[in-house]
**Student:** 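Following this message is one structure expressed as structure tokens.
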Amino acid sequence: MRNRLKIALIGDADEVIHLEKLLQLTQIHLEIIGRLSTTDAIRSFLSTSTGCDLLILGATSEKRIVLHLLHSLDVLRPIIVCSTNEEHALKTFDFDQHCIGYLITPITAKRLKQVLEKYTHLEEMWKEHVLCAQKITLSTAAMAKHKKRFLVRNNQGLELVGVKHILCFYSENGRSFLVGQTGKQFHIDFTLERLEGLLDPEQFYRINRKVMVNIDQIQRIEEYVNNRLKIKLHHKTPVTLVVSRKRVKNFKLWLRGMV
């Protein structure tokens, strides 16, 4: 169950009481945390209250004053506007970023419930948007930590090899090797287990106990004996690249970008 929707009502005393009764009839899980009938009360509430989810401006409220206060105090609160005149309500709805809906008097509990459900839907969409943005931020941060290059030793000294130029990694007799784009191999001081934590998992996949391949270097994939797969890269490698049977399913998901 979602948390109780916290609402503040703005209008004269009689209208606030009427709106509260209508809200009870909607059977929506909510709580009235503000009953505001004066400008001073509205200003005080907007300045100090941080737990309000939604404002309902009654038809008797001074909407211009309330909206001016919201903007001057830099308070972001979604608003439902009530009015006796649809044209006036539409103007407020169309031209103020806070407004998410409007109600024309006489207001019914059914119509009020529809607008509140719209708010709930928008709130869920916003939460999904925020969650998505957080995931993207985390993903970007994680990508920044992935290893971008390796310093290896060749006959002339030291050489830098960027990960995009790596065909694969493999282990043999307790040693690990990096295979460059030309097929040349270099000894590295990383186990495959360690490499799995250092490299971008969207780019490199461990196809069996001894080999890890770069997706950008895959040329074709063939069916192989015992329900396995055989990989051909753009250049020759010193090892045969076979996806172990138990990894075939996840390998295919990886190829589709689903793991």
Side-chain angles (χ1 to χ4, degrees), residues 1-140:
M1 180 182 293
R2 60 151 286 143
N3 294 330
R4 193 184 296 266
L5 179 61
K6 296 182 179 181
I7 298 175
L9 303 176
I10 299 175
D12 65 28
D14 290 339
E15 185 175 27
V16 166
I17 292 172
H18 179 61
L19 286 171
E20 190 166 355
K21 289 179 179 178
L22 290 175
L23 285 168
Q24 291 172 354
L25 293 174
T26 65
Q27 297 184 330
I28 288 178
H29 194 56
L30 56 83
E31 176 185 359
I32 309 300
I33 63 169
R35 299 167 179 82
L36 313 171
S37 299
T38 67
T39 302
D40 288 341
I42 295 167
R43 180 183 288 106
S44 176
F45 180 85
L46 294 178
S47 301
T48 58
S49 177
T50 58
C52 180
D53 296 315
L54 179 68
L55 297 173
I56 299 181
L57 305 190
T60 61
S61 65
E62 292 291 341
K63 297 175 183 58
R64 287 187 178 181
I65 294 175
V66 176
L67 296 175
H68 176 73
L69 282 172
L70 284 168
H71 289 290
S72 63
L73 296 171
D74 196 24
V75 175
L76 289 177
R77 291 287 186 280
I79 295 171
I80 295 173
V81 174
C82 302
S83 179
T84 57
N85 185 299
E86 186 164 12
E87 183 180 352
H88 291 165
L90 278 171
K91 284 182 179 179
T92 305
F93 178 74
D94 288 341
F95 294 106
D96 193 275
Q97 61 178 338
H98 298 80
C99 297
I100 63 164
Y102 67 92
L103 297 164
I104 304 302
T105 57
I107 301 167
T108 65
K110 180 180 179 180
R111 175 61 183 145
L112 180 55
K113 183 176 182 179
Q114 288 173 342
V115 178
L116 290 176
E117 286 175 341
K118 174 186 175 182
Y119 164 78
T120 303
H121 177 63
L122 290 173
E123 182 191 35
E124 290 304 316
M125 288 177 63
W126 173 250
K127 286 180 179 178
E128 289 179 10
H129 169 73
V130 171
L131 182 60
C132 182
Q134 290 173 340
K135 286 181 178 179
I136 291 172
T137 300
L138 290 173
S139 176
T140 303

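Throughout, residue positions are numbered sequentially from 1 according to the sequence presented.
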**Student:** Hey, what do you get for CD1 (Ile10) to CD1 (Ile42), rounding to the nearest 0.5 Å?
**Tutor:** 4.5 Å
**Student:** Please round to the nearest 0.5 Å and tell me the distance separating atom NE2 of His18 and atom CG of Asp12.
**Tutor:** 11.0 Å
**Student:** Which heavy-atom pair separates Ala109 from Thr26 by the least distance, and what is that distance?
**Tutor:** O-CG2, 3.6 Å
**Student:** Would you say Ser37's side chain and Gly11's backbone share a donor-acceptor pair under 3.5 angstrom?
**Tutor:** yes
**Student:** Determine whether a donor-acceptor pair (N or O, by modelled atom type, separation under 3.5 Å) exists between the side chain of Ser44 and the backbone of Asp40.
**Tutor:** no
**Student:** Minimum heavy-atom separation for Asp53 and Arg4, please, with both atom names.
**Tutor:** OD2-O, 3.8 Å
**Student:** Just to verify, which of Leu9, Val115, Leu30, Leu116 counts as forming a side-chain contact (heavy atoms from CB on, under 4.5 Å) with Leu54?
**Tutor:** Leu116
**Student:** Could you give the distance from SG (Cys82) to CG (Leu19), rounded to the nearest 0.5 Å?
**Tutor:** 5.0 Å
**Student:** Quick one: pull up CD in Gln27 and NZ in Lys113 and give me the separation to the nearest 0.5 Å.
**Tutor:** 6.0 Å
**Student:** Looking at side-chain heavy atoms only, is the closest gap between Leu25 and Leu112 below 4.5 Å?
**Tutor:** no
**Student:** For Arg111, does its backbone N or O pair with a side-chain atom of Thr108 as donor and acceptor, under 3.5 Å?
**Tutor:** yes
**Student:** What's the separation between atom CD1 in Ile79 and atom OH in Tyr119, rounded to the nearest 0.5 Å?
**Tutor:** 12.0 Å
**Student:** Any donor-acceptor pair under 3.5 Å linking the side chain of Glu15 with the backbone of Thr60?
**Tutor:** yes
**Student:** How close do Thr105 and Ala59 get, heavy atom to heavy atom, and via which atoms?
**Tutor:** CG2-CB, 4.1 Å
**Student:** Once rounded to the nearest 0.5 Å, what's the spacing between atom OH of Tyr102 and atom CD1 of Ile107?
**Tutor:** 12.5 Å
**Student:** May I have the step-by-step check of side chain to side chain contact (heavy atoms under 4.5 Å, CB included) for Ile33 and Ile7, ending in yes or no?
**Tutor:** CA-CA 6 Å; Ile33 63 169; Ile7 298 175; over 6 Å; no
